[in-house]
Amino acid sequence: MDTLYRCIKEALRLHPPLIMLLRSSHNDFTVKTHDGIEYDIPKGNIIATSPAFANRLPYIYKGPDRYDPDRFSPGRDEDKVAGPFSYISFGGGRRVSWGTIDWNAMVVGVKGKVMVRYKRLKLVID
C-alpha cells in the first residue's frame with residue numbers, strides 16, 4: 001500500500017487536478033522566494049499559484065519531469081525537505097468558497113464528448 005500511495009502521489013504531482021489555486025490573505029505577511037527576493041502581501045489580497053508549475057520546481061524535486069514515486073519514500077521525502085506546502089496538488093490549508101469564480105475553468109478535465117468501451121477478457125489461470 002505504501003508503494004501504491006507513492007505512485008498515486010507522484011502521478012498527481014505531475015498531473016494535478018487543479019491548474020490554479022487561489023487563497024485570500026487573512027493577515028499582512030512577507031514571502032521570501034528561493035532567490036531571496038521578498039514580497040509584502042497585504043491583508044485581503046488574493047494569492048494565486050499553479051500546482052503544475054510548483055510541483056516541478058527543480059530546487060525541490062530532483063528530475064522534476066521524471067516519474068519517480070520513490071521521491072516520497074522515507075529518508076528521501078523530497079516534498080518535505082523544502083518545507084511545508086512543497087507538494088500542492090490539491091492545495092493546502094482550509095478551502096475557501098469564491099462565489100462567482102468559475103471552478104470549471106480551473107479544473108483540468110476532458111474536452112468534448114468522451115466514449116469509453118470495455119471488453120471483458122476471459123481469465124485464464126495456468
Side-chain angles (χ1 to χ4, degrees):
M1 291 306 290
D2 291 336
T3 301
L4 177 60
Y5 172 76
R6 290 193 307 269
C7 290
I8 292 170
K9 190 170 180 177
E10 178 68 343
L12 289 171
R13 182 188 70 82
L14 292 170
H15 305 285
L18 300 174
I19 59 173
M20 183 186 303
L21 297 173
L22 301 171
R23 297 290 184 261
S24 178
S25 61
H26 296 284
N27 300 306
D28 294 342
F29 66 97
T30 301
V31 174
K32 188 174 184 178
T33 68
H34 177 69
D35 299 325
I37 301 169
E38 292 188 355
Y39 295 95
D40 293 323
I41 310 297
K43 178 181 178 178
N45 274 23
I46 294 177
I47 301 105
T49 188
S50 167
F53 176 79
N55 286 346
R56 292 177 188 240
L57 293 171
Y59 59 87
I60 297 175
Y61 299 103
K62 294 175 181 75
D65 295 324
R66 186 179 73 243
Y67 178 80
D68 181 10
D70 290 333
R71 71 176 75 245
F72 301 112
S73 61
R76 190 164 164 197
D77 295 314
E78 289 182 16
D79 60 323
K80 296 176 184 167
V81 173
F85 306 110
S86 295
Y87 177 86
I88 59 168
S89 290
F90 284 107
R94 293 184 293 157
R95 305 307 188 263
V96 179
S97 172
W98 292 97
T100 60
I101 292 175
D102 181 8
W103 289 105
N104 291 324
M106 292 189 290
V107 177
V108 177
V110 293
K111 303 287 187 215
K113 195 173 193 179
V114 177
M115 298 296 291
V116 178
R117 293 185 185 180
Y118 296 95
K119 181 178 180 183
R120 184 175 181 164
L121 300 175
K122 186 173 183 178
L123 180 62
V124 178
I125 300 175
D126 291 332

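When all heavy atoms are compared, the tightest approach of Arg56 to Asp65 is NH1-OD1, 2.9 Å. When every heavy atom of Gly44 is checked against every heavy atom of Ser24, the shortest pair comes out as O-OG, 4.1 Å. Listed here is the closest heavy atom pair of Asn55 and Ser89: ND2-OG, 2.9 Å. What you find for Pro42 and Ser25 is that their closest heavy atoms are O-OG, 2.7 Å. Of all the heavy atoms in Gly75 and Asp77, the pair that sits closest is N-OD2, 3.5 Å. For Ile88 against Leu21, the heavy-atom pair with the smallest separation is O-CD1, 3.6 Å.
Ile37 and Tyr59 fall into different hydrophobic clusters, where Ile, Leu, Val, Met, Phe, Trp and Tyr side chains are chained together by heavy-atom contacts under 4.5 Å. One hydrophobic cluster, built from ILVMFWY side chains closer than 4.5 Å, cannot hold both Leu14 and Met20; they sit in different ones. The cluster map of Ile, Leu, Val, Met, Phe, Trp and Tyr, joined by side-chain heavy atoms under 4.5 Å apart, puts Met1 and Ile8 in the same cluster.
The CZ atom of Arg6 sits 10.0 Å away from atom CG of Asp68, with the distance rounded to the nearest 0.5 Å. With values rounded to the nearest 0.5 angstrom, Arg71 atom CZ is found 9.0 Å from Lys62 atom NZ.
Judged by distance alone, with hydrogens and angles left aside, the side-chain atoms of Asp79 form no donor-acceptor pair with the main-chain N or O of Ser86 at under 3.5 Å. Using modelled atom types, no side-chain atom of Glu38 and backbone atom of Thr30 make a donor-acceptor pair closer than 3.5 Å.
Using a 4.5 Å cut-off on side-chain heavy atoms (C-beta onward), Thr3 and Pro69 make no contact. For the pair Ile47/Phe29, a side-chain contact is recorded, criterion being any heavy-atom separation below 4.5 Å from C-beta on.
The cationic atom of Arg13 (NZ for Lys, CZ for Arg) lies less than 6.0 Å from the six-membered ring centre of Tyr61 and within 45° of the ring axis.
The aromatic rings of Phe72 and Tyr87 sit perpendicular, their planes meeting at an angle over 60°, well past the 30° parallel limit.
The environment of OH in Tyr67 is crowded: more than 12 heavy-atom neighbours from other residues, nucleotides or ligands sit within 6.0 Å.
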